[in-house]
Every structure is written in structure tokens, then in C-alpha cells.
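Here the structure comes first, spelled out in C-alpha cells, and everything after it is commentary.
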Amino acid sequence: MVALRPGLRDAEELLTRIRRQQAQGYRLLAAWRGGEALGLAGYREQDNLIYGRFVYVDDLVVREDVRREQLGERLLTAVADEARRLGCARLVLDTGLGNTLAQRFYFRQGLLTAGMHFGRSLV
């Protein structure tokens, strides 16, 4: 997860934040090999007026040295399968405008751009 979220100070902060997100329905799916996590998908079921019930992928990361092994595709497929099981008709995620490698990956997985995500700092 540190590869995706380098702003995390340490494992304790990661666990604290994951526990807080779990109270909001966050789930973490991992791809393991020999007791070592090679990829992670963090997601949650949500509901809004735009999509109705949907699954939002907060985090999707695969260790760089195993990215050619289709782990990201398998994780995303597993999350989509879980979304269908939950009765959701849509899977949604955000990525940075400059993250062209991720964008190419998402297009290959059948995800299409549907809008722009806006935000600003309140600090």
C-alpha cells in the first residue's frame, strides 16, 4: 500500500486509517504468494443519486515487479464480482490525470471515463 500511498508515515497510520474506513464499509482484498501480499484492492459499497448502489474502488495497487502477472486484472475482476453479488450495477474509481499507465490499464479492463473528479484542500 505504501507504493500507492507514499504519504502514509508508517504501518500504524495505515492500520488506523483502514480501521476508520472499515467503519464505513471498506474492505481490503489481497493477492498473496507465499505469505507475501503482492497486490491489494480496497473498496466499499456506496449509494448516491448518480449511480444508485455501486462499488467504489479506493485503492488498487500491485507490486511493480509482478505487474505483468495480471494480478491487477484479477483483483479488479474479483471486486466487480463482489459488486454484482451485492446487487450493484456499477464499479467506480478515480485516478490522477497524469497517471497514464493506470488509465491505459483501466481502459483495457473496460472502464471508461465518465466525468472529472474535482476537489480542493480545506487546510
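On a predicted model such as this, the values are computed, not experimentally measured, just so you know.
- In this structure, the side chain to side chain contact (heavy atoms under 4.5 Å, CB included) partners of R53, at least two apart in sequence or on a different chain, are E45, D47, L86, C88.
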Show me, pair by pair, the donor-acceptor contacts under 3.5 angstrom made by side chains of residues 108-121, not counting sequence neighbours?
from : atom 1 : to   : atom 2 : distance (Å)
H117 : ND1    : D94  : OD2    : 3.2
S121 : OG     : V123 : N      : 3.2

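- Partners of F107 according to the ring pair (Phe, Tyr, Trp, His ring centres under 6.0 Å) rule, which considers only residues two or more places apart in sequence or in another chain, do not exist here.
- Rounding to the nearest 0.5 Å places CG of L91 at 5.5 Å from CG of L76.
- Remark: Q24 engages R44 in a side-chain hydrogen bond (donor to acceptor under 3.5 Å, both in side chains) (not counting sequence neighbours).
- Pairs engaging residues 22-38 under the salt bridge (charged side-chain N to carboxylate O under 4.0 Å, His left out) rule: R27-E82, R33-E69, E36-R63 [sequence neighbours left out].
- In this structure R74 satisfies the side-chain hydrogen bond (donor to acceptor under 3.5 Å, both in side chains) test with no other residue, sequence neighbours excluded.
- Every residue was checked against the side-chain hydrogen bond (donor to acceptor under 3.5 Å, both in side chains) condition with R104, not counting sequence neighbours, and none meets it.
- Legend: residues meeting side chain to side chain contact (heavy atoms under 4.5 Å, CB included) with A78, ordered by chain and number and at least two apart, are L29.
- For R68, there are no side chain to side chain contact (heavy atoms under 4.5 Å, CB included) partners two or more places apart in sequence or in a different chain.
- Every pair passing ring-ring contact (aromatic ring centres under 6.0 Å, His included) that includes a residue from residues 28-55 is listed here, sequence neighbours excluded: Y51-F54.
- The ring pair (Phe, Tyr, Trp, His ring centres under 6.0 Å) check on Y56 picks up nothing, with sequence neighbours excluded.
- A donor-acceptor pair shorter than 3.5 Å can be found between the side chains of D59 and Y26.
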